[in-house]
**Q** 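Here it is, the structure in full.
Chain identifiers are assigned alphabetically (A, B, ...) following the order of the sequence lines, protein sequences preceding nucleic acid strands; residue numbering begins at 1 within each chain.
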Amino acid sequence: MEERYDPQAIETKWQQRWEASHLFNVDEDPGREKYYLLEMFPYPSGKIHMGHVRNYTIGDVVARYKRMRGFNVLHPMGWDAFGMPAENAAIANKTHPAQWTYANIDAMRQQLKRLGFSYDWDREIATCRPEYYRWEQWLFLQMLAKDMAYRKESYVNWCETCQTVLANEQVEAGLCWRCGQPVHQKKLWQWFFRISDYADDLLMYCDQLPGWPDKVLTMQKNWIGKSLGAEIRFPVEGSEAVITVFTTRHDTVFGATFMCLAPEHPLVAELSRDTPQASAVQAFVERIAMQDRSDRGLEKYEKEGVFLGAYCINPMNQRRMPIYTANFALMEYGTGAVMSVPAHDQRDFDFARKYGLEIIVVIDREDDPLDAAALTEAYTQDGIMVNSGDFNGQPNRQAMEAIADDLESHGMGRKTINFRLRDWGISRQRYWGAPIPVVYCPDCGVVPVPENELPIVLPEDVDLLEGGRSPLPSLEAFRRTTCPKCGREDSRRETDTMDTFVESSWYFERYCSPRCSTGMFDKDAVDYWMPVDQYIGGVEHAVLHLLYSRYYTRVLKDFGLTRFKEPFTRLLTQGMVCKETVSCPEHGFLFPDDVLEENGQRTCRLCGQAVMVGRVEKMSKSKKNVIDPNLLLNQYGADTTRLFCLFAAPPERDLEWSEQGVEGGYRFLNRVWRLVWHWHDKLDGVAPFDGDEATLSPPVRELFKKVHQATHKVTRDIEERFHFNTAISAVMELVNLASGEALQTNAAAERGVIRLALERIALLLSPIVPHFAEEIWEALGHAPSILQVPWPAYREDALVHDEWVIVIQVNGKLRSRLTVEAGTDKAKIEALALTDERARKFIGDKTVRKVIVVPGKLVNIVA
RNA sequence: GCCCGGGUGGCGGAAUAGGUAGACGCAAGGGACUUAAAAUCCCUCGGUGUAAUACACCGUGCCGGUUCGAUUCCGGCCCCGGGCACCA
């Protein structure tokens with residue numbers, strides 16, 4: 001041990017030793033209990049950011065802790081390596097996405113290693129390697145054979161900037177989740193996974209994931225969006241066509257006075273054909289199609305529509321209902337057709353008023369009947385059925401069942417369940433992804449690639465095109481192929497690639513046997529390791545990756561490949577890493593280096609104007625409030641960086657960056673270092689004390705108790721709630737006590753307790769600041785490595801206090817304190833409290849009406 | 001609009017079964033050491049009142065309730081963050 005704490009030197013030293021010892025490499029061991037700890041793998045963008053550091057630090061603490069608890073811990077790391085940034089960077093830098101990606105992986109691996117994470121690097125995977133994606137192609141073929149993957153032409157979300165289709169989950173408020181540009185609807189042939197077949201199951205199991213945050217489960221439930229309702233069939237007048245609607249309010253069916261079809265609805269063109277309205281309808285449909293989906297969601301967005309010139313018949317009362325196409329009817333929800341009940345739905349009401357359509361009340365208030373002509377808004381509450389034939393007089397909720405039965409008996413409808421969740425569109429018109437293994441033959445149609453031809457390797461000999469369009473469709477060597485079925489030579493290969501979320505839907509299984517060459521994974525390995533016991537990552541994947549993975553896991557199970565439905569037993573979503581933003585009126589957001597600080601005034605370096613301190617926001621390049629982890633590693637080392645991330649906030653909350661906070665963490669480590677330095681050569685031959693505490697002098701005895709209290713607290717904080725901030729503060733308290741003057745000078749005769757305390761500090765800190773802990777452990781005379789030492793136990797008897805400090809309250813207010821021997825009975829405490837001088841003062845001449853005694857805690861005298 | 005979180009000192013945050021509000025850290029102020037600075041160590045540190053440190057009152061977004069006792073439970077409201085949203 002050196003006198004001065006030198007993080008760079010000790011971190012390099014221990015990282016080399018760990019690597020040489022292969023301590024983090026694991027194998028299936030049926031004799032030991034496994035623990036699979038996984039953090040969401042990164043996209044290899046080139047550099048790790050503070051969000052990664054926080055995520056992986058949290059995971060590493062848990063992995064190391066569980067390891068010390070004796071678990072066989074699987075803690076892997078890999079790369080979510082397909083995706084668009086590689087293509088964009090490749091175009092900009094005149095390189096190849098593969099080259100860019102692999103270089104980034106190398107750089108980021110080095111950074112992660114510098115942070116001392118306990119990964120089994122032998123299991124590292126990159127999803128862009130054919131050895132990985134060939135199995136994804138293989139599963140696609142199995143799904144295709146079972147009709148779980150299918151191709152259809154439909155309106156899909158198209159991002160012009162990204163030149164590709166997006167799944168519904170990848171559209172946020174009408175904008176592309178990646179680039180933030182508006183998304184349009186485009187009609188295309190695309191491949192889909194039937195995730196909607198699993199909607200009910202995915203929903204049901206939301207209630208069987210107690211280890212998941214409610215927030216995420218609620219988001220998934222809302223996304224799946226189950227609605228109980230009915231399907232009702234409305235025959236079109238003078239036509240064979242029937243319009244089927246989905247409604248949750250079939251109790252209002254007698255009040256349906258018109259019909260609205262989504263502009264994309266197939267009947268819109270058909271029914272308006274040859275009517276005087278035909279051209280107006282066509283113009284409307286085209287105009288709506290051109291609009292951004294983002295605009296369509298705006299509140300001020302006006303409801304409008306066009307009459308098709310056709311009518312349908314209300315099956316309950318034979319009413320003739322005009323059919324409109326309306327912008328608020330969405331093809332992707334329900335059946336794309338809405339039965340409009342203006343009296344009881346605000347949107348229908350507005351539309352009816354605008355176009356002068358009839359409003360009929362069918363649910364009435366008992367006490368104060370409604371007047372359709374005088375309504376100023378729709379009546380959406382419950383009431384009594386009116387104008388509803390045989391159902392008049394019934395409470396509407398009660399009539400629902402009967403109406404559904406009635407519809408069903410006439411073949412005009414049935415009760416049904418509708419989900420908001422749509423099938424997962426997985427085709428991407430991009431280059432840097434896993435090719436979809438099918439061939440299109442002019443004779444045979446869609447032909448799956450035979451399994452023995454897998455993988456369909458993504459050709460690397462391509463020139464990327466400006467603007468992001470995939471080079472694959474124009475790459476004849478790839479596109480042109482022979483039909484696997486009939487051998488026709490002018491067949492063409494699918495040139496779309498798979499959504500990168502497909503790769504991330506099974507990487508956790510691949511980690512179990514990352515080099516398996518006979519299948520997606522080795523079944524025994526997966527049976528042993530899966531499911532993931534603890535998953536950690538950002539909440540931004542609540543309905544993307546986390547939903548897709550739950551779905552894909554079910555697919556694997558249904559193919560008999562695995563035995564479980566849920567991939568992640570427990571989930572921790574960590575908060576964002578934030579920092580204040582600073583901006584200048586002229587130059588916008590400023591980098592910290594461009595802000596000058598003089599006597600409390602902060603000015604812009606570029607123009608000298610006073611700057612505005614903005615909100616504390618998530619670190620992002622555009623807001624110029626990013627801290628590069630490399631700077632921290634260089635200045636303070638990995639342990640301080642880790643310590644800060646853990647100490648500044650509990651993991652699920654946002655973490656605000658603070659330079660002083662990092663400084664504080666560094667100072668703490670230095671304090672511990674000096675403490676150990678003071679003692680390290682004075683404890684030779686001294687064993688850690690584990691005897692009868694009654695033999696110890698008071699200050700040493702206090703330290704002995706503190707050791708066990710701290711162990712108890714740190715264990716519970718890590719084990720039960722991942723609150724590392726309070727765990728660290730408990731160790732700080734122990735360090736503060738051990739550094740006290742009385743102990744530095746007087747404890748010479750009781751060095752066993754000092755040894756106990758110092759060793760305990762090392763052990764409790766070892767998951768958090770592992771290099772530091774190794775170094776002080778060694779300085780205390782131990783052979784490496786602290787990783788081989790089990791997590792310390794606490795002694796229950798040492799947690800018991802000798803004395804109780806009893807709080808005395810008078811009428812609920814703290815008035816005095818009482819020190820009694822531990823175990824003093826209630827009656828005695830009460831008697832002592834009542835004679836307490838200060839308590840008496842506040843009781844005065846009032847009569848004591850009641851005395852509440854909480855043993856060991858407090859007495860409340862009610863007077 | 002609906003559904004989740006969250007509001008505690010100058011700041012990050014503690015209070016894990018309704019029982020001492022403010023642990024731990026940061027910042028600030030004072031002191032020690034030093035020729036000096038840095039580092040380190042010690043002390044003070046929610047607010048108000050009075051002659052300070054003793055004492056009293058107030059204090060966990062606001063209003064009310066339950067309770068001997070509420071940051072914690074219940075009802076209503078305000079603000080901040082996040083998710084969903086013309087969902088039929």
**Q** Please classify the nucleic acid contact of D654(A) as base, sugar-phosphate, or nothing, using heavy-atom distances under 4.0 Å.
**A** sugar-phosphate
**Q** With a non-hydrogen cut-off below 4.0 angstrom, is D345(A) in contact with a base, only sugar-phosphate, or nothing?
**A** nothing
**Q** What residues, two or more places apart in sequence or in another chain, satisfy ring-ring contact (aromatic ring centres under 6.0 Å, His included) together with F351(A)?
**A** F258(A), Y324(A), F328(A), Y355(A)
**Q** Looking at G25(B), I'd like to know if its phosphate oxygens (OP1 or OP2) sit under 4.0 Å from a side-chain N or O belonging to N736(A).
**A** yes
**Q** Could you check whether any side-chain heavy atom of I808(A) comes within less than 4.5 Å of a side-chain heavy atom of R838(A), counting everything from C-beta outward?
**A** no
**Q** With respect to the side chain of L330(A), which nucleotide from C87(B), G12(B), A14(B) is positioned closest?
**A** C87(B)
**Q** Look at all strands and tell whether S658(A) reaches a base, only sugar-phosphate, or nothing, counting heavy atoms closer than 4.0 Å.
**A** nothing
**Q** Is V862(A) touching bases, backbone alone, or none of the nucleic acid, heavy atoms closer than 4.0 Å?
**A** sugar-phosphate
**Q** Does the ring of W223(A) carry R420(A) above it, NZ/CZ under 6.0 angstrom from centre and within 45° of its axis?
**A** yes
**Q** I852(A) has a side chain; which of G19(B), A88(B), A27(B) sits nearest to it?
**A** G19(B)
**Q** Would you mind classifying the nucleic acid contact of R838(A) as base, sugar-phosphate or nothing, using non-hydrogen atoms under 4.0 angstrom?
**A** sugar-phosphate
**Q** Under 4.0 Å between any heavy atoms, over every strand shown, what does K813(A) touch: base, sugar-phosphate, or nothing? Just pick one.
**A** sugar-phosphate
**Q** Taking side chain as C-beta onward, heavy atoms only, is T819(A) less than 4.5 Å from I806(A)?
**A** no
**Q** If a stem is a run of at least 3 consecutive Watson-Crick or G-U pairs, both distances under 3.5 Å, which stems include RNA chain B?
**A** B:1-7 with B:78-84, B:10-12 with B:24-26, B:28-32 with B:40-44, B:46-49 with B:55-58, B:61-65 with B:73-77
**Q** What does R815(A) touch in the nucleic acid at a heavy-atom separation under 4.0 angstrom: a base, only the sugar-phosphate, or nothing?
**A** sugar-phosphate
**Q** S729(A) side chain: which of A23(B), C58(B), A85(B) is closest?
**A** A23(B)
**Q** Given A88(B), A56(B), G19(B), identify the nucleotide with an atom nearest to the side chain of Y333(A).
**A** A88(B)
**Q** Determine the contact category for P650(A): base if any of its heavy atoms lies under 4.0 Å from a base atom, sugar-phosphate if only primed atoms, P, OP1 or OP2 are that close, otherwise nothing.
**A** sugar-phosphate
**Q** Need one value for G225(A): base, sugar-phosphate or nothing, where a base atom within 4.0 Å counts as base even if backbone is also close, heavy atoms only.
**A** nothing
**Q** Give one of base, sugar-phosphate or nothing for F842(A), where a contact means two heavy atoms less than 4.0 Å apart.
**A** sugar-phosphate
**Q** R674(A) side chain: which of U20(B), U40(B), G69(B) is closest?
**A** U40(B)
**Q** Kindly point out which of A88(B), G83(B), A85(B) is positioned nearest to the side chain of V338(A)?
**A** A88(B)
**Q** Within the side chain of R849(A), is there an N or O that forms a donor-acceptor pair under 3.5 Å with the backbone of I861(A)?
**A** no
**Q** Side chain of Q660(A) only, please: which of C26(B), C87(B), G25(B) is the nearest?
**A** C26(B)
**Q** Taking the side chain of T248(A) as its heavy atoms from C-beta onward, which of A88(B), A23(B), A14(B) lies nearest to it?
**A** A88(B)
**Q** How would you list, by chain and number, every residue that makes a ring-ring contact (aromatic ring centres under 6.0 Å, His included) with H708(A), sequence neighbours excluded?
**A** F704(A)
**Q** Would you classify R817(A) as touching base, sugar-phosphate or nothing, given that sugar-phosphate means primed atoms plus P, OP1 and OP2, and contacts are heavy atoms under 4.0 Å?
**A** base
**Q** Across the strands shown, which category fits R667(A) at heavy-atom distances under 4.0 angstrom: base, sugar-phosphate, nothing?
**A** sugar-phosphate
**Q** Please examine the side chains of D382(A) and I363(A), heavy atoms only from C-beta on, and report whether any two atoms are closer than 4.5 Å.
**A** no
**Q** Looking for any heavy atom pair under 4.0 Å, which part of the strands does F647(A) touch: base, sugar-phosphate only, or nothing?
**A** base
**Q** With sugar-phosphate meaning primed atoms plus P, OP1 and OP2, does N860(A) contact a base, only sugar-phosphate, or nothing at under 4.0 Å between heavy atoms?
**A** base
**Q** Where the side chain of A329(A) is defined as all heavy atoms beyond and including C-beta, which of G5(B), A88(B), G13(B) is the nearest nucleotide?
**A** A88(B)
**Q** Ignoring backbone atoms, establish whether R420(A) has a side-chain N or O less than 4.0 Å from OP1 or OP2 of C2(B).
**A** no
**Q** So if I take every side-chain heavy atom of K841(A) and compare against C24(B), A56(B), C68(B), which nucleotide ends up nearest?
**A** A56(B)
